[in-house]
Amino acid sequence: MHELKKEEEKNLNFIEEIIEADLAAGKYQQIITRFPPEPNGYLHIGHASSICLNFGLTKKYPGYTNLRFDDTNPVTEETEFVDSIKEDIKWLGFNWKNELYASDYFGKLYEFAITLIKKELAYVDDSSSEAIAALKGTPTEPGTNSPFRNRSVNENLDLFARMKQGEFPDGSRTLRAKIDMAHPNMIMRDPILYRIKHAHHHRTGNAWCIYPMYDFAHGQSDSIEEVTHSLCTMEFIPHRELYDWIIEKLEIYPSRQYEFARRNLNYTVTSKRKLLQLVNDNHVTGWDDPRMPTISGLRRRGYTPESIRDFCDRIGIAKRENMIDVSLLEFCIREHLNNIAHRRMVVFDPLKIVITNYPEGQVEMLTSEDNPEAETVTYRELPFSREIFIEADDFMEVAPKKYFRLAPGQMVRLKSAYIIKCDEVIKDAAGKIAALHCSYIPESRSGSDTSGINVKGTLHWVSVAHAVSAELRLYDRLFKVEDPSSEEGDFKDYINPDSLQVIGRVYAEPSLLQSGFNDRYQFLRKGYFCLDRDSTANQLVFNRTVTLKDTWAKEQKKG
RNA sequence: UGGCCUAUAGUAUAAUGGUAGUACGACAGAUUUUGGUUCUGUUUGUCUAGGUUCGAAUCCUGGUAGGCCAACCA
């Protein structure tokens with residue numbers, strides 16, 4: 001009798017370890033996390049990882065997750081982005097406990113600033129942006145104190161109130177923390193807390209003309225919400241010291257910040273700035289272009305939320321630099337789609353076949369499974385007749401050794417139909433193949449095959465008289481190189497000019513006329529497709545989500 | 001030439017002082033009415049030099065490599 005190793009595989013990531021330790025120590029009864037996007041762009045696959053982390057943690061452990069928009073910079077933020085972000089999170093399958101905005105806390109934040117001023121830990125600086133930069137020092141040299149650093153509490157209080165009143169123009173004054181201009185961490189060299197911006201805010205309108213900086217909003221927002229584990233990416237590591245400093249001086253709820261490495265996907269870019277450029281310069285049709293690594297782009301492309309969650313799960317969370325191979329993302333979507341997509345037949349590049357021994361004018365309805373992988377298999381009907389289309393590259397006049405498709409004198413199975421044999425190649429005046437004359441084996445009909453014939457190849461096909469036309473959009477990677485940002489010159493120089501290939505007219509089986517926007521299809525032997533929203537009553541448009549694995553193509557490339 | 005972070009197979013991620021494992025990829029084979037799926041097998045790894053220890057991917061020290069920090073961005 002052998003022993004089954006039933007040890008529970010824990011495999012926790014480092015954040016889960018921290019949380020389990022905190023929970024075990026009784027530090028918290030429940031954990032609270034937050035997802036804190038700035039509403040200045042669309043969410044991308046990197047955000048999906050953060051969303052799955054933050055929301056996933058509070059599904060696994062007791063607690064909840066807030067959605068908090070980090071909207072402290074009115075000039076870049078818009079309601080359009082707020083709406084898209086909410087839609088994307090919901091689509092991914094997560095629900096936030098509270099929908100919050102950093103701007104909800106502007107009043108409290110203002111009071112926090114006054115507290116700091118009263119404690120002589122903040123001062124109003126009249127220095128220009130340039131002067132502040134000049135006195136900041138460098139990583140290797142200490143900075144110099146501002147001449148305004150030692151103003152009295154009363155003067156600071158008065159000036160700060162007048163900043164709020166709108167007495168001063170943009171950029172003329174700031175509120176700064178009084179910490180240490182020689183601090184080895186440059187973030188701690190009297191960081192700016194508030195700046196003057198006479199700008200309209202998407203939520204507070206014109207109520208404010210001073211706005212808190214990230215560092216003076218994020219930690220306190222976490223604290224107000226009693227966020228226990230505030231998770232962010234590694235570039236915020238130096239900010240943690242300031243995050244803790246502010247919380248300590250204000251004596252408020254001690255949220256803790258933990259950092260993880262942002263995820264990078266190869267052959268694309270995930271930086272809002274760069275994605276915005278692609279949109280603005282019309283390299284793509286919009287934020288939801290199916291080639292974009294945005295959530296909305298992936299959605300339109302045909303990715304499912306399940307596949308994206310699975311992907312985020314598989315790549316994990318750690319602290320080291322990474323470049324994730326897009327083949328893993330493709331594996332995840334193929335795996336899901338293989339289970340749920342309905343099989344359909346579509347001929348991309350038609351070659352006409354006349355089945356010479358099939359009665360003229362006869363049409364018979366054949367049944368074919370929607371998905372052989374399904375627990376309970378359902379079926380559809382499709383018409384078969386004397387003239388059909390097959391894929392042009394499923395025929396070769398002179399076939400190589402391991403070619404399983406059609407060739408003169410050879411036999412193949414037509415999927416869910418009959419075995420046919422190629423008898424004659426019909427050519428036009430120019431010597432180009434115009435059609436094939438084949439004969440079918442009547443007793444080889446799928447489901448009731450008594451022919452005893454075994455063929456190696458099975459082809460997809462469409463009845464000529466019943467074919468419906470559709471447009472196909474085939475996508476390839478957006479960039480020609482793995483990491484466009486690290487290449488010489490501008491990242492846009494490395495855009496793949498062939499990332500979109502449109503096939504204006506393909507021949508589809510008639511059942512595709514019933515396609516809905518949420519339907520997922522596998523076009524047999526071709527790939528996974530979904531209906532694009534550009535479709536109209538007269539024109540079906542399908543996006544290719546991902547190809548099928550094609551070991552034959554690989555074989556040919558080798559040969 | 002300051003401070004901080006990181007280093008395990010091609011990629012990503014485990015192993016928490018005790019047999020270096022998993023997934024993807026790649027390669028080979030079996031099955032297949034999709035050259036898909038499924039199944040089986042193979043391949044490749046602890047950055048480096050010391051130290052502590054019976055024992056080090058893990059702890060310590062030095063080096064090397066990569067990343068982050070000098071927006072009134074987040």
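Letters A, B, ... mirror the listed sequences (proteins, then strands); counts begin at 1.
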Under 3.5 Å donor-acceptor pair, A/Gln522 side-chain atoms to B/rU34 base atoms: yes
Can you find a donor-acceptor pair, distance only, under 3.5 Å between A/Arg413 side chain and B/rU33 base? yes
What residues, two or more places apart in sequence or in another chain, satisfy side chain to side chain contact (heavy atoms under 4.5 Å, CB included) together with [X]?
X: A/Asp349; result: A/Glu391, A/Ala392
X: A/Ala122; result: A/Leu116, A/Ile117, A/Leu175, A/Leu193
X: A/Thr76; result: A/Glu38, A/Asn40, A/Asn73
X: A/Arg477; result: A/Tyr267, A/Val326, A/Asn496

Quick one: label [X] by what it contacts on the DNA or RNA (base, sugar-phosphate, nothing), any heavy atom closer than 4.0 Å.
X: A/Ile317; result: sugar-phosphate
X: A/His239; result: base
X: A/Ser416; result: base

What stems show up for RNA chain B when you take Watson-Crick pairs (N1-N3 plus N6-O4 or O6-N4) and G-U wobbles (N1-O2, O6-N3), both under 3.5 Å, and require three or more consecutive pairs? B:2-7 with B:64-69, B:10-13 with B:21-24, B:26-30 with B:38-42, B:47-51 with B:59-63
Establish, yes or no, whether a centroid distance under 6.0 Å links the rings of A/Phe542 and A/Phe529. no
Could you check whether A/Tyr243 and A/His239 have their ring centres less than 6.0 Å apart? no
Do any N or O atoms of the protein come closer than 3.5 Å to N or O atoms of nucleotides 24-32 of chain B, and which pairs are they?
unit_1: B/rA26; atom_1: OP1; unit_2: A/Lys554; atom_2: NZ; d: 2.7
unit_1: B/rC27; atom_1: OP2; unit_2: A/Lys554; atom_2: NZ; d: 3.4

